[in-house]
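One is the number of the first residue; the rest follow in order along the sequence. FYI, side chains are in, hydrogens and waters are out, and symmetry mates aren't considered; it's all heavy atoms of this structure. Worth saying up front: this structure is predicted, and the values here are computed from it rather than measured.
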Amino acid sequence: MAIGTALWSFALVVGLLTLTPGLDTALVLRTSALGRRRRAWGVVLGIQSGTLLWGVLTSLGVTALFTASHLAYVTLRWVGAAYLVWMGVRMLRDTFRGLPTEGADDPAPPAGTDSFAGGWRQGVLTNLLNPKMGAFYVAVLPQFIPAGTGHFTMGLLLACVHILIGLAWSAVLVGFARVLHGWLRKPQARRLLDRITGTVIAAFGVRLALGD
């Protein structure tokens, strides 16, 4: 397989994966739709930072050792599941407490909620605590590394392709979310979005815990 063919083939696979609605899509849409653009881009870059780290670890062969250890895999799976369920339940809890409480006529997010650093932490934790990302990279990445090429260099290049596609799709999501921002100035609409997103995130956590 030529390097160009490998890159295009991998781009097709991860492109379809990126376009499939999932946890990352829910987080980016929810954060940016609430007008928290800095935090939304923090989430985006946090997710892609996690993707880069998975790519580096896979290229170094570290994740192969991780997936070979059942105890390590199960431990990370349960930690990741607990984190997602906690995040989703907290989001749902706040809506039933009447939060967010900002006024309907105030388009700006409350102080401290539009934090790039906070979004980055949320994005990178969500990505790194998902053992299925590691399993995906271990199973898929080596298939697209042509014989005779440097394993680490080619693996890193493939991870960068994944990141570029993720960034492009995230830009589309952030732009689309701006359309919803006017509607989401209403507290009732924000609570509805948080209940939907919280349910999706918690459901992902439960699914991860069950190993489906």
Dump the intermediate steps for side chain to side chain contact (heavy atoms under 4.5 Å, CB included) on L7 and L158, then the final yes or no. CA-CA 7 Å; L7 292 175; L158 291 170; 3.7 Å; yes
State the OG-CZ distance between S115 and R121, to the nearest 0.5 angstrom. 6.0 Å
Do V200 and L23 have side chains that approach each other closer than 4.5 Å (heavy atoms only, starting at C-beta)? no
So which atom in S49 and which in V124 form the shortest heavy-atom distance, rounded to 0.1 Å? CB-CG2, 4.3 Å
Minimum-distance pair of heavy atoms, taken over all atoms of A159 and G55: CB-CA, 4.0 Å
Contacts of R38 meeting salt bridge (Lys or Arg N to Asp or Glu O under 4.0 Å) (sequence neighbours excluded), chain-then-number -> D114
Shortest non-hydrogen pair, V85 vs V206, comes out as CG2-N, 3.9 Å
Could you measure the distance from the OG1 atom of T51 to the CG atom of D24? Nearest 0.5 Å is fine. 7.0 Å
Give a yes or no on whether L12 and I163 share a hydrophobic cluster (residues Ile, Leu, Val, Met, Phe, Trp, Tyr; joining criterion: side-chain heavy atoms under 4.5 Å apart). no
Does anything in residues 161-172 pair up under side-chain hydrogen bond (donor to acceptor under 3.5 Å, both in side chains), and if so which pairs, sequence neighbours excluded? Y137-H162
Once rounded to the nearest 0.5 Å, what's the spacing between atom CD1 of I3 and atom CH2 of W8? 15.0 Å
What residues, two or more places apart in sequence or in another chain, satisfy side-chain contact (heavy atoms from CB on, under 4.5 Å) together with L125? Y83, L129
Determine whether L17 and L173 fall in the same hydrophobic cluster, where Ile, Leu, Val, Met, Phe, Trp and Tyr are linked whenever their side-chain heavy atoms lie under 4.5 Å apart. yes
Contact check, side chains of V14 and F136, non-hydrogen atoms, under 4.5 Å: yes
Between S32 and V174, the two heavy atoms sitting closest are OG-CA, 3.9 Å
side-chain hydrogen bond (donor to acceptor under 3.5 Å, both in side chains) contacts in which one or both residues fall within residues 145-161, not counting sequence neighbours: none
Let me confirm one number: the CD1-CZ distance from I165 to F10, rounded to the nearest 0.5 Å. 8.0 Å
Check which hydrophobic residues are tied to L164 through side-chain heavy-atom contacts below 4.5 Å, counting indirect links as well, and list them. none
Step-by-step side chain to side chain contact (heavy atoms under 4.5 Å, CB included) determination, T126 to I47: CA-CA 7 Å; T126 300; I47 291 170; 5.6 Å; no
Side-chain touch L19/T25, heavy atoms, less than 4.5 angstrom: no
Other residues, nucleotides and ligands only: do more than 12 of their heavy atoms fall within 6.0 Å of CH2 on W41? yes
In chain order, what residues pass the ring pair (Phe, Tyr, Trp, His ring centres under 6.0 Å) check against F116, with sequence neighbours excluded? none
Do W54 and L128 come within less than 4.5 Å of each other through their side chains, counting heavy atoms only? yes
